[in-house]
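To start, the structure itself, in structure tokens.
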Amino acid sequence: MTTGPRFRFAPSPTGSFHVGGARTALQNWALARRLGGTFVLRIEDTDEARNRPEWTQGIIDALAWIGISADDAHFEGPHFQSEYADAHLAAARRLFDDGHAYYCDLNGDQIQARAQELGLTGYDGYSRDRGLGPGPGHVLRFRVPDGTTVVDDLVRGEVSFDNRTIEDFVLVRGNGTPVFLLANVVDDIEMAITDVVRAEEHLPNTPKQQMLWNALGHAAPRWAHVPVLVNEQRKKLSKRRDKVALEQYRDEGYLADAMVNYLMTLGWTPPGAEAAGSEIVSWAEIESAFRLDDVTHSPAFFDVKKLAAFNGDYIRQMPLDEFVERAGEELPAEWDRERFAAIAPYIQERLTTLREVPEKIDFLFWPDDADVTYDDDSWAKAFGPDWAVPLLGDVIGAYGALGDWSAEALKMALEQVMAPYEVKLGKAQAPVRVAVTGRSVGPPLFESMEVLGRTETQRRLSSALAAVTQSASGDGR
RNA sequence: GCCCCCAUCGUCUAGUGGCCUAGGACACCACCCUUUCAAGGUGGCGGCACGGGUUCGAAUCCCGUUGGGGGUGCCA
């Protein structure tokens, strides 16, 4: 039995896990760990989700990916609401018995008509003293007390609400089922939650929840409302128009560590980051330093470019063998792993995501004797200069005479060959590169040729020479 | 409509009344390095929304304006 604070993270399953949710989960997780508390995962039990267990599993998997494991968490789902359904109704009954709630038989149209007549915007408390009991079509409403409700928020300070601006809200529907607000509060009470850290969008509903906690005889938990994540239009990130699924970033080759690090820098800066000149920090540092007091108050734009920069950084930091293993997962099954391992060190520092690996080195895995597909622009640029063709011929000759087929030897041979043409290595390697890889950019050339092997390299060099000679002789392209 | 929140470079932020000639990161630009592309190094561009106060002194405190966002349901 832990005595520390109990944080809860309560996502609703929707088929994908929102990056904003991931950030909130991480903040709760960091706090729970540092304070020796408990991280309670409570997945909402909606009808839709009940028919799609994979949605719930998706949340668990996504959390596991960013280092929050159900084993360490207090896991309460799925079908959570049904588990506590009796408690919801019992609480409603208690509220009614204690006079904190009353029944009302007005329907939506009637409420609207009254509001219009009285010049109000919502429900006017018509049934407060009519002494109605439960019955078909009767909703249970909370009797909002006079006065002011002050929400003491750990990131925003005291926020006060005039209770006159809060109408007597519904607790139980006309069909006898409790609404989410009530269920949520009762669940929190049942699970002895002490700290609620969630997105700012919930702040306006907090006074209602706080009044419910109090009416049910409990002190409200500590509240903390962290800023929302927004898109470039400064609107809350939405599943419909923005790329928000954590799983998608995972599938695109982003690393969990980079994602976690980046997410935590939204609304918060690790202490020491400025002095270090870097915002790249380990989870251990984050966990020991994260404070709600230090969280920003304004919304943050989720910038994929910065995420990508973090990701590239993390990829470069990886030990080589780990990189080979993880990048290897992105490769087609038939690609030779040993060959990949040989070239891996040269592409590790040229990536922003793991997903980009295959396209950078595909030329090493084309079947032998396959025609090379040349990129038109690269070809034109490489063979534009008049020295290009003769140089390529010389290279083929020199490489044919080469004893040691190593990157070092290949480089030296080219340097010798290019000397009479008075061009620099940067220029001279271009036609060779295009001939061998089909493109003008790629991993280091000589290392690539070493890995490719003598036979295939020479074959590509020769067929490129044949192609360029043919086109120069007037056959067109 | 009503209520609530927010406001520092393009973006994320540091800043809690003098240390600010406003610092860092990402992006961008230039140069260096260089085997293309990256990476790395150096430098540069660029910001306290506006108007009033308070104070010897304001990015920092107060008020207002403007702008943005969120909430407001017998949805969750």
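Side chains included, hydrogens not; waters and symmetry mates left out as well; all remaining heavy atoms used. Naming: A, B, ... by sequence-line order, numbering from 1 per chain.
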Looking at [X], I'd like to know whether one of its side-chain N or O atoms comes within less than 4.0 Å of OP1 or OP2 on [N].
X: A/K411; N: B/U35; result: yes
X: A/R439; N: B/C37; result: no
X: A/N205; N: B/U72; result: yes
X: A/R156; N: B/G70; result: no
X: A/K306; N: B/U11; result: no
X: A/R173; N: B/G73; result: no
X: A/K235; N: B/G70; result: no

Whole-Å distance separating the [atom1] atom of [X] from the [atom2] atom of [N]:
X: A/E408; N: B/U35; atom1: CD; atom2: C1'; answer: 12 Å
X: A/Q233; N: B/G10; atom1: CD; atom2: P; answer: 17 Å
X: A/L203; N: B/C4; atom1: CG; atom2: C1'; answer: 6 Å
X: A/L445; N: B/U34; atom1: CG; atom2: P; answer: 18 Å
X: A/N311; N: B/A38; atom1: CG; atom2: C1'; answer: 15 Å
X: A/I315; N: B/A38; atom1: CD1; atom2: C1'; answer: 13 Å
X: A/D168; N: B/G73; atom1: CG; atom2: P; answer: 12 Å

If you look at every strand shown and take non-hydrogen atoms under 4.0 Å, does [X] touch a base, only sugar-phosphate, or nothing?
X: A/F161; value: sugar-phosphate
X: A/A309; value: sugar-phosphate
X: A/P227; value: nothing

Counting C-beta onward and ignoring hydrogens, is there a side-chain heavy-atom pair between A/Y249 and A/L307 closer than 4.5 Å?
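A/Y249 vs A/L307: side chains touch.
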
Side-chain heavy atoms of A/L212 within contact of A/L171, under 4.5 Å
yes

Going by distance alone, is a donor N or O of one side chain under 3.5 Å from an acceptor N or O of the other, for [X] and [Y]?
X: A/N184; Y: A/R42; answer: yes
X: A/H225; Y: A/R156; answer: no
X: A/Y314; Y: A/N261; answer: yes
X: A/R173; Y: A/T177; answer: yes

Does A/A407 or A/L266 map to a spot on RNA chain B nearer the 5' end, using the closest nucleotide for each?
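On the 5' side of the pair lies A/L266.
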
Say you pick atom [atom1] in [N] and the same atom in [M]; how far apart are they, in whole Å?
N: B/A38; M: B/A30; atom1: P; answer: 12 Å
N: B/A59; M: B/G23; atom1: C1'; answer: 13 Å
N: B/A58; M: B/C48; atom1: C1'; answer: 11 Å
N: B/G10; M: B/A22; atom1: P; answer: 15 Å

Should B/U36 form a Watson-Crick or G-U wobble pair with both distances under 3.5 Å, which nucleotide is its partner?
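No nucleotide pairs with B/U36.
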
Does B/C2 have a Watson-Crick or wobble partner in any strand here, with both distances under 3.5 angstrom, and which is it?
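Because both required distances fall under 3.5 Å, B/C2 counts as paired with B/G71.
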
Establish whether the base of B/U36 is bridged to the side chain of A/R350 by a donor-acceptor pair shorter than 3.5 Å.
yes

Taking N and O atoms by type only, does the side chain of A/E200 place a donor or acceptor under 3.5 Å from a partner on the base of B/G69?
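A donor-acceptor contact between them is absent.
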
Which nucleotide in the set B/U36, B/C74, B/A27 lies at the smallest distance from any side-chain heavy atom of A/V441?
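When the side chain of A/V441 is considered, B/U36 is the closest of B/U36, B/C74, B/A27.
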
